[in-house]
Amino acid sequence: MLGFSLLSHSAACATLTRTMRQGALAFSVVLSLSAAPLGARAEPAAQQKPPTKPETNTTPSPIFQGAAALLPEDSITHHSAPFNGHKLAYTAHTGTLTLRDDAGKPTARMFYVAYTQEGANPARRPVSFFFNGGPGAGTAYLHLGAAGPTALSFPAGNPTDGANAKLGPNPDSWLPQTDMVFIDAPGTGWSVPTDEKTAEKTFYGIKPDAKAFAKTIQLWASTNKRLTSPRYLVGESYGGIRAIEVADALAKQQNFMVNGLILISPALDMSLLDSTANPLATALVLPSFEASRLALQHKLVPETAAHQLDEAYHYALGPYLSTLVNTPPTGEAAKAFYTEVADHTGLPLDVVSKERGAPQADAHDVRSRDGRLYTLYDGTLSIADPYPEGIDNSDSPDPTLAGFGRAYGSNFEYYAATELNFKTDLSYKLLNMKVNAAWDFRGNDEPVAHQIPTLRRLLALNPTLRVFIANGYYDLVCPFASTRWVVEHIPVGRNRIGLHTYPGGHMLYTRPDTRAALARDVQAFLTP
């Protein structure tokens, strides 16, 4: 997610942090394991190939202690499903990889699900490694939301209804184009540090997190003889920063170069997301406000959307930003400015005036309008506001993070047990608030790490590295304008970065048409 998604640290990530803290962490409940499998058809046991590892075993491992001992042995299942009118046979390998310290002592069991096409040439078949963001979010969002062979769909008439979300085959899976390895970060999903007392220092920060992912990817690629396959990293939200840092760590620590990055609703630099202290960040979220207003007024149509978004972008970085960074207007000039901002954003004039023309996206009076509470993750989606009379913002729930988005956790548990034959008593940690609160956002002696210089170096050092970036029009957490601004200021390799915007929010793939469009564009990217 979100996540995306999704998100504690210094003020440089104030918007993402406050949003994630609005919902209390609720662990998913293990559902009944007796129902028939969902999604792609698993072959009967008699037709399955002999597994390369023992059958699923829930007996605690003698090597591990505590929660790490409750994870079962790996499970290997074989499936076939139609994609784009053609049946594809694939293997799903669900299990863990063990990370160790310099002394060889286990430090974490990294949970992953790998989907590989049967009979494909591994030297030519791309493999993509997926992770979400947060920090603290599991990879179930991308897994069941965008790319996996099974997808979670929300009711067409009520996309905020997580209770009635349904699992089913994903016609827009990326599997026809690439093998896929979905990896949960330590402390999220079913990736379990072996020692919680040292986990914060070992894993919960930008640099150690990248090191852990780089080693996990190297272990999987080496074990499965995929070191020479075309290699891609796929990250969502904070996963954008993670992808850049992991690509850097892979090159420096594992001598492993990647062919491309696929970034969905990415955070690319925390300083550009802190609208409480950075006027540029405030300006960059304004086009998402405007796109949301146009959509709610049914004025944003495919034929004119590109032009409308371009105009919103230039207004935000032109007249709007110049007014913000200058001496604040007063009197009639202030009234005219606030009226103009209200017209662009669709926010009430009194709210814009109170915010002095710089509305904070996560403020309750900005999100609450006409008895509806809008989500930061999609400026067009809302629920009935539980506190329409106003309330301290920290107690105002976000409809995505605290609401329908939670459905990905329990549904992934069900999918893993019934379809992937991976059964464990551990709840899937979709959002781990302790990880988020403990996160260290510092870089190399920097108060807040800046990933743009790292991306610039990657593009220069790897002259064939290509980057695919997808943003939703209505995302107020990682606005499309911030991505555009970053790319416009890349001096080397800018022609190898593709920007794609879609109708949707942070989790743009929750809209079926957008998920299909994203899949088509990714297919073109993976087959240049």
Side-chain angles (χ1 to χ4, degrees), residues 1-5 26-44 56 75 77-84 87-94 111-115 130 132 137-176 180-182 184 188-190 236 264 400 403-424 426-431 504 507-516 518-519:
M1 183 181 185
L2 303 166
F4 207 12
S5 340
F27 293 112
S28 304
V29 178
V30 179
L31 301 181
S32 168
L33 308 183
S34 61
L38 294 164
R41 180 181 61 85
E43 295 180 4
T56 300
S75 172
T77 54
H78 300 273
H79 311 258
S80 63
F83 299 102
N84 299 325
K87 181 171 284 191
L88 187 149
Y90 63 95
T91 297
H93 188 142
T94 309
F111 175 76
Y112 73 95
V113 180
Y115 299 100
F130 291 73
N132 269 85
T139 309
Y141 295 106
L142 282 176
H143 197 152
L144 296 183
T150 295
L152 184 67
S153 298
F154 297 88
N158 188 0
T160 64
D161 182 7
N164 288 299
K166 303 296 183 185
L167 287 168
N170 182 8
D172 307 308
S173 174
W174 299 6
L175 191 56
M180 301 182 291
V181 185
F182 294 87
D184 286 335
T188 77
W190 281 320
E236 179 182 14
I264 300 174
T400 299
F404 71 91
R406 294 284 180 169
Y408 285 99
S410 56
N411 278 279
F412 184 77
E413 288 188 3
Y414 179 78
Y415 169 71
T418 58
E419 186 77 0
L420 304 177
N421 197 32
F422 190 85
K423 304 178 178 71
T424 173
L426 291 178
S427 294
Y428 186 86
K429 293 183 179 180
L430 183 68
L431 295 173
M507 297 161 61
L508 53 93
Y509 44 75
T510 61
R511 301 179 182 228
D513 290 345
T514 296
R515 184 177 66 198
L518 174 65

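No hydrogens, no waters, no symmetry mates; every other heavy atom, side chains included, goes into these values.
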Practice task
Report yes or no: does Thr510 contribute a side-chain atom to a donor-acceptor pair with the main-chain N or O of Met507 at less than 3.5 Å?
Solution key: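 Flag set: sc Thr510 to bb Met507 pair under 3.5 Å.
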
Identify, with sequence neighbours excluded, every residue that meets side chain to side chain contact (heavy atoms under 4.5 Å, CB included) alongside [X].
X      : answer
Ala147 : Phe130, Trp174, Met180, Phe182
Ala92  : Thr77, His79, Tyr115, Leu420
Pro512 : none

Separation of [Y] [atom2] from [X] [atom1] (nearest 0.5 Å):
X      : Y      : atom1 : atom2 : value
Asn170 : Leu144 : CG    : CG    : 9.5 Å
Asp184 : Thr139 : CG    : OG1   : 4.0 Å
Thr94  : Glu419 : OG1   : CD    : 9.5 Å

Taking all non-hydrogen atoms of both residues into account, name the closest pair between [X] and [Y] and its distance.
X      : Y      : result
Tyr415 : Pro149 : OH-CG, 4.0 Å
Ala407 : Gly162 : CB-O, 3.6 Å
Asn84  : Pro171 : OD1-O, 4.5 Å
Leu88  : Pro176 : CD1-CA, 3.9 Å
Asn411 : Ala165 : OD1-O, 4.4 Å
Thr91  : His78  : OG1-ND1, 3.1 Å

Problem - ring pair (Phe, Tyr, Trp, His ring centres under 6.0 Å) against Trp190, all qualifying residues, sequence neighbours excluded - result: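 With sequence neighbours excluded, Trp190 shows a ring pair (Phe, Tyr, Trp, His ring centres under 6.0 Å) to Phe111, Phe412, Phe422, Tyr428, given in chain and number order.
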
Problem - Residues in ring pair (Phe, Tyr, Trp, His ring centres under 6.0 Å) contact with Phe404, at least two apart in sequence or another chain - result: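 Ring pair (Phe, Tyr, Trp, His ring centres under 6.0 Å) check on Phe404 returns Phe154.
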
Practice task
Would you check if there is a donor-acceptor pair between the side chains of Tyr509 and Glu236 at a distance under 3.5 Å?
Solution key: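 Indeed, the side chains of Glu236 and Tyr509 share at least one donor-acceptor pair under 3.5 Å.
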
Exercise for the section: List the steps, then state whether side-chain contact (heavy atoms from CB on, under 4.5 Å) holds for Leu142 with Ile264. Expected result: CA-CA 9 Å; Leu142 282 176; Ile264 300 174; 3.8 Å; yes

Exercise for the section: Begin from the C-alpha positions of Phe83 and Ser173 and carry the test side-chain contact (heavy atoms from CB on, under 4.5 Å) through to its verdict. Expected result: CA-CA 8 Å; Phe83 299 102; Ser173 174; 3.6 Å; yes

Fill in the blank from the handout: Across all chains, not counting sequence neighbours, the side-chain hydrogen bond (donor to acceptor under 3.5 Å, both in side chains) partners of Asn158 are Thr160

Handout entry: Any residue meeting side-chain hydrogen bond (donor to acceptor under 3.5 Å, both in side chains) with Asp513, in chain and number order, not counting sequence neighbours
Key = none

Practice task
Could you note down all residue pairs passing salt bridge (Lys or Arg N to Asp or Glu O under 4.0 Å) where residues 162-175 supplies at least one of them, sequence neighbours left out?
Solution key: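 Qualifying pairs: Asp172-Arg515.
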
